[in-house]
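All ligand and atom numbering here is 1-based and tracks the order in the structure.
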Amino acid sequence: MKLLMLCREPNLYSCRRLKMTAENAGHKIDILDPNRFLLKIQENRPHFALYYQPNQGTPYLLPDYDAVIPRFGTQSTKMGCSVLTHLAAKNIPCLNNPASFALARDKWLSLQALAAANIAVPVTVFAGQDFQAGSAVEKVSSPTILKTLNGSQGIGVILADRSQSAVSIMETLTLSHIPVLLQNFIGEAGVSDIRCFVIGDKVVATMQRSGQKGEFRANCHRGGITQQITLSYDEKLIAVRAAQALGLDVAGVDLIQSKKGLLVLEVNASPGLEMIEKTSGIDVATQMIAYLEKKIAGL
Ligand SMILES: Nc1ncnc2c1ncn2[C@@H]1O[C@H](COP(=O)(O)OP(=O)(O)O)[C@@H](O)[C@H]1O
Ligand SMILES: [Mg+2]
């Protein structure tokens with residue numbers, strides 16, 4: 001097969017692992033930067049054409065691919081999803097379809113989709129820019145978590161110890177035209193959460209993450225440490241249902257243990273492979289490529 005990976009940083013562990021795994025399985029794989037594409041909607045069939053301009057090179061018409069693996073970061077969501085939509089319009093299977101990918105990249109819209117599927121999430125509010133910050137903050141508990149809608153790796157997540165801090169942070173972000181959601185802080189989780197790697201209808205790997213001293217975010221990029229964890233069938237089912245609620249083939253589902261049970265914090269459409277493979281000892285990349293092969297075959 002001829003595969004395409006959309007990614008800006010081919011040297012990242014996840015991209016290297018997927019490339020190596022695809023090549024070992026006998027596939028060819030190109031890694032292209034979504035921001036170097038030109039997308040054209042044209043009169044004649046095929047209506048969707050894609051051009052690519054390599055670094056300092058001449059643009060060329062993109063050849064056809066058998067499937068695409070989106071691995072672009074939050075800085076490239078808009079162009080990346082646009083490229084993905086163009087490829088999907090050409091009936092090229094995507095390992096995460098463009099609409100689901102875009103949905104997962106919006107923390108508020110994805111929480112709405114999860115809640116609509118009856119999946120437990122923390123109490124969260126999202127206020128319009130003209131709704132008074134003080135009144136919005138009253139709707140959640142204190143301490144309060146504030147989140148920008150498109151953050152990742154813990155960046156864009158803020159903990160306000162007091163209501164007054166939450167109000168002033170919210171006012172500042174709103175004035176800067178940065179939409180933000182407010183959420184109950186799940187303090188009883190003890191700065192620890194669970195990452196589930198979902199492929200299709202299976203949790204293929206899990207890990208527990210704990211934030212470093214003085215930190216409230218458990219993300220590995222913020223210094224969180226990982227350890228193995230075994231989940232029950234019902235716990236895994238929450239992660240699978242969350243991925244399915246957003247329509248994702250591949251997802252990194254973050255779960256947090258609250259007094260009332262496990263809650264879904266967020267669902268990542270392009271979850272990292274490094275820490276989950278190293279912690280669990282499971283070859284996630286091979287399972288992703290195997291799943292993609294089945295998808296291409298229409299199985
Ligand atoms: N409501 C919350 N209560 C307690 N901790 C939270 C809450 N929301 C986020 N966190 C902590 O912050 C981390 C990052 O939040 P998350 O929503 O997963 O955003 P990101 O996309 O940046 O990973 C989580 O892994 C968790 O440790
Ligand atoms: Mg997260």
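Aromatic ring centres of F72 and F101 lie closer together than 6.0 Å.
Side-chain contact, Q227 with T279: no donor N or O sits under 3.5 Å from an acceptor N or O. Using modelled atom types and a 3.5 Å distance limit, the side chains of Q53 and Y60 yield no donor-acceptor pair. Remark: the Y52 side chain and the D33 side chain contain no N/O donor-acceptor pair separated by less than 3.5 Å.
The side-chain heavy atoms of K147 and I145, taken from C-beta on, include a pair separated by under 4.5 Å.
Around the Mg ion (ligand 2), the protein contributes the following N, O or S atoms at distances under 2.8 Å: D254 OD2, E266 OE2.
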Identify all pairs of nitrogen or oxygen atoms, one from ligand 1 and one from the protein, separated by less than 3.5 Å, and list them with distances.
| unit_1 | atom_1 | unit_2 | atom_2 | d |
| --- | --- | --- | --- | --- |
| ligand 1 | 1 (N) | Q183 | OE1 | 3.0 |
| ligand 1 | 1 (N) | N184 | O | 2.9 |
| ligand 1 | 3 (N) | I186 | N | 2.8 |
| ligand 1 | 8 (N) | K147 | NZ | 3.0 |
| ligand 1 | 17 (O) | K147 | NZ | 2.7 |
| ligand 1 | 18 (O) | D254 | OD2 | 3.2 |
| ligand 1 | 18 (O) | E266 | OE2 | 2.9 |
| ligand 1 | 19 (O) | K107 | NZ | 3.3 |
| ligand 1 | 21 (O) | K107 | NZ | 2.5 |
| ligand 1 | 21 (O) | E266 | OE1 | 3.1 |
| ligand 1 | 21 (O) | E266 | OE2 | 2.9 |
| ligand 1 | 22 (O) | Q153 | N | 3.3 |
| ligand 1 | 22 (O) | G154 | N | 2.6 |
| ligand 1 | 23 (O) | N219 | ND2 | 2.8 |
| ligand 1 | 23 (O) | E266 | OE2 | 3.0 |
| ligand 1 | 25 (O) | D193 | OD2 | 2.5 |
| ligand 1 | 27 (O) | A218 | N | 2.9 |

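From F197, atom CZ reaches atom OG of S280 across 10.0 Å, with rounding to the nearest 0.5 Å. We find the OG-CE distance between S165 and M170 to be 14.0 Å, quoted to the nearest 0.5 Å.
The side chain to side chain contact (heavy atoms under 4.5 Å, CB included) test with L273 is passed by exactly one of L12, L18, T21: L18. Screening N219, D193, T226 for a side chain to side chain donor-acceptor pair (under 3.5 Å) involving R209 leaves a single residue, D193.
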